[in-house]
Visitor: 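Sharing a structure below in structure tokens format, with a few things to ask.
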There are 2 protein chains.
Amino acid sequence: MSDKYKHGEKILVAVDCIIFGYDHGTLKLLLFKRLLEPLKGGWSLIGSFILPNESVEEAGKRVLHEITGLDEVYMEELKSYTAVDRDPGARCISIGQFALIGLENEETLEIKDGVQWHSVSDLPELVLDHNQMVVDALARLRNRAQYYPIGLELLPKKFTIPQLQTLYEEIFQKKFDSRNFRKKLLSLNILIQLKEKDKSSSKKGAFLYEFDYTKYRKLKNKGFKFSLI
Amino acid sequence: MSDKYKHGEKILVAVDCIIFGYDHGTLKLLLFKRLLEPLKGGWSLIGSFILPNESVEEAGKRVLHEITGLDEVYMEELKSYTAVDRDPGARCISIGQFALIGLENEETLEIKDGVQWHSVSDLPELVLDHNQMVVDALARLRNRAQYYPIGLELLPKKFTIPQLQTLYEEIFQKKFDSRNFRKKLLSLNILIQLKEKDKSSSKKGAFLYEFDYTKYRKLKNKGFKFSLI
DNA sequence: TCAAAAGTGTTCTTAGTACACCCATGT
DNA sequence: ACATGGGTGTACTAAGAACACTTTTGA
């Protein structure tokens with residue numbers, strides 16, 4: 001082995017997925033109660049070591065698929081966690097993967113044993129440096145929600161504007177003016193209004209919308225800058 | 001070893017530093033001509049495997065120190081590069097580290113043998129996936145220059161407003177109106193005007209400024225949002 | 001008929017953009 | 001005296017913020 005390689009020490013590389021969902025007006029995180037050692041009984045993010053034949057991104061998608069059965073989820077790299085003593089079991093680095101799942105409602109998703117949704121506003125202590133990962137992921141979520149129409153990833157395909165607003169209020173922990181929110185949102189021209197209404201939260205009902213991905217991508221390629229709030 | 005650890009395969013973990021500098025009106029990148037196999041003679045970013053007793057961030061700082069002798073540089077994680085076949089020599093992932101160096105001028109920095117500054121607008125082909133790392137780093141540079149006063153990291157401690165404008169024009173590859181640029185910049189209230197002038201580029205001379213880090217941090221902690229252009 | 005959420009417009013303020021001339025100085 | 005880059009101000013336009021009432025409908 002050449003000079004470049006000879007000093008390298010092989011170490012374990014993991015992914016940990018910070019998976020957000022939104023249901024019944026609450027922002028939630030998917031956590032796993034460890035059934036086995038190490039750290040048995042502790043709450044943890046859902047992760048895995050990367051396999052010899054997969055990239056970190058592929059490992060993240062595999063984990064998410066194993067847990068939820070879902071394939072098409074929004075996922076992006078958060079950052080690496082590499083402190084020497086972060087895992088007492090072994091020298092091991094982890095790449096955080098930030099993921100958003102759109103739920104029709106919580107119950108429609110079949111998740112594996114030991115895995116549970118937790119409200120973001122009421123999380124248990126997590127093992128290792130997973131609390132820090134969640135803090136970082138929440139900051140990323142706010143950033144993305146502000147500059148990309150990423151909030152839409154957390155809603156069902158058909159959603160109402162008041163629903164989206166409530167989601168943004170949950171993410172940013174503050175109220176928005178409904179007239180300004182609606183005006184700004186519709187001015188982006190990336191929503192398609194449907195004929196149907198959703199009457200689950202009011203007698204009058206609110207019009208359902210779909211997100212126009214094609215239009216969004218076209219605008220983005222033209223260098224159009226979004227800012228949703 | 002427990003269930004969690006048993007499937008992990010240990011692999012090599014490297015850092016590669018994408019190091020920008022700015023000198024004589026040109027944005028530059030620090031590259032290394034490989035003196036030994038593998039890939040002898042190819043241009044590469046400057047990297048290293050991480051050592052058993054250091055984090056990825058520490059490895060990046062170590063590499064930068066070894067090459068330039070500098071300690072206090074701006075560095076942040078870019079992203080990981082983890083494709084299975086990215087390095088033909090071995091399974092090896094790399095964490096890109098984005099770094100900015102403030103040069104008084106190019107010659108003041110003593111850099112190691114085989115390491116050279118290259119104009120960003122005229123880069124050679126790089127080994128492995130290093131070209132992609134540079135593309136990603138340039139996008140990050142533009143983002144950071146827009147939303148953080150990061151352009152200042154690339155200038156000497158004392159600089160003139162026309163200098164900063166030229167740097168921004170180099171980063172974004174477009175001209176800015178000098179009146180508006182100055183107005184916006186000064187309205188942020190994070191520059192301290194000095195009594196001295198720099199006469200190196202005009203007979204009249206331009207006032208030198210320093211960046212007020214303390215004030216900047218205070219404003220940032222208050223949630224103040226910057227946008228420099 | 002009333003309670004509860006959905007939907008709608010206007011004014012005011014602020015920030016961004018476009019644009020042209022005088023200033024200071026070394027040669 | 002002139003060439004060169006540094007420095008300034010104003011008018012126009014666009015976007016964001018503040019703010020209150022009408023509509024629909026199920027119970």
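A, B, ... follow the sequence lines: proteins, then strands. Residue 1 opens every chain.
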Visitor: Please name all residues satisfying side-chain contact (heavy atoms from CB on, under 4.5 Å) with A/Lys183, sequence neighbours left out, ordered by chain then number.
Guide: A/Asn180
Visitor: When you compare the protein's N or O atoms with those of nucleotides 22-25 of chain D, which come within less than 3.5 Å of each other, and at what distance?
Guide:
unit_1, atom_1, unit_2, atom_2, d
D/dT23, O2, A/Lys204, NZ, 3.0

Visitor: Has B/His130 got a side-chain atom pairing as donor or acceptor with B/Ser44's backbone, closer than 3.5 angstrom?
Guide: no
Visitor: I'd like to check the side-chain hydrogen bond (donor to acceptor under 3.5 Å, both in side chains) partners of A/Lys158; sequence neighbours left out, ordered by chain and number.
Guide: A/Glu196
Visitor: Could you tell me the separation between the CD1 atom of A/Ile18 and the CG atom of A/Leu45, rounded to the nearest 0.5 Å?
Guide: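 If we round to the nearest 0.5 Å, A/Ile18:CD1 and A/Leu45:CG are 5.5 Å apart.
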Visitor: Looking at B/Val56, is its backbone amide N or carbonyl O close enough to the side chain of A/Thr82 to form a donor-acceptor pair, meaning the two atoms are under 3.5 Å apart?
Guide: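 Yes; judged by distance alone, with no hydrogens or angles, the pair exists.
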Visitor: Is there a donor-acceptor pair closer than 3.5 Å between any side-chain N or O of A/Gln165 and the backbone N or O of A/Phe176?
Guide: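 Side chain of A/Gln165 to backbone of A/Phe176: a pair is present.
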Visitor: Using modelled atom types only, decide if a donor and an acceptor are shared between the side chain of A/Tyr22 and the backbone of A/Gly151 within a distance under 3.5 Å.
Guide: no
Visitor: For DNA chain C, which residues in residues 142-165 of chain B have a heavy atom at a distance below 4.0 Å?
Guide: none
Visitor: So, does B/Asp198 use its side chain to make a donor-acceptor pair with the main chain of B/Leu208 at under 3.5 Å?
Guide: no
Visitor: Centroid separation under 6.0 Å, is that true for the rings of A/Phe159 and A/Phe211?
Guide: no
Visitor: Using ring pair (Phe, Tyr, Trp, His ring centres under 6.0 Å) as the criterion, point out the one residue from A/Phe226, A/Tyr148, A/Phe224 that pairs with A/Tyr216.
Guide: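 For A/Tyr216, the ring pair (Phe, Tyr, Trp, His ring centres under 6.0 Å) test succeeds with only one of A/Phe226, A/Tyr148, A/Phe224, which is A/Phe226.
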Visitor: Nearest whole Å is fine: how far is C/dT14 P from B/Leu188 CG?
Guide: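 From B/Leu188 CG to C/dT14 P: 17 Å.
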Visitor: Please list, by residue number, the residues of residues 189-196 of chain B whose heavy atoms come closer than 4.0 Å to an atom of DNA chain D; answer none if no residue qualifies.
Guide: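 Contacting residues: none.
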Visitor: Closest nucleotide of DNA chain C for B/Ser202 versus for A/Ala206: which of these residues is on the 5' side?
Guide: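 Mapping each residue to its closest nucleotide by heavy atoms, the 5'-most match is A/Ala206.
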Visitor: Using a heavy-atom distance cut-off of less than 4.0 Å, which residues of residues 170-187 of chain B contact DNA chain D?
Guide: B/Arg179, B/Arg182, B/Lys183
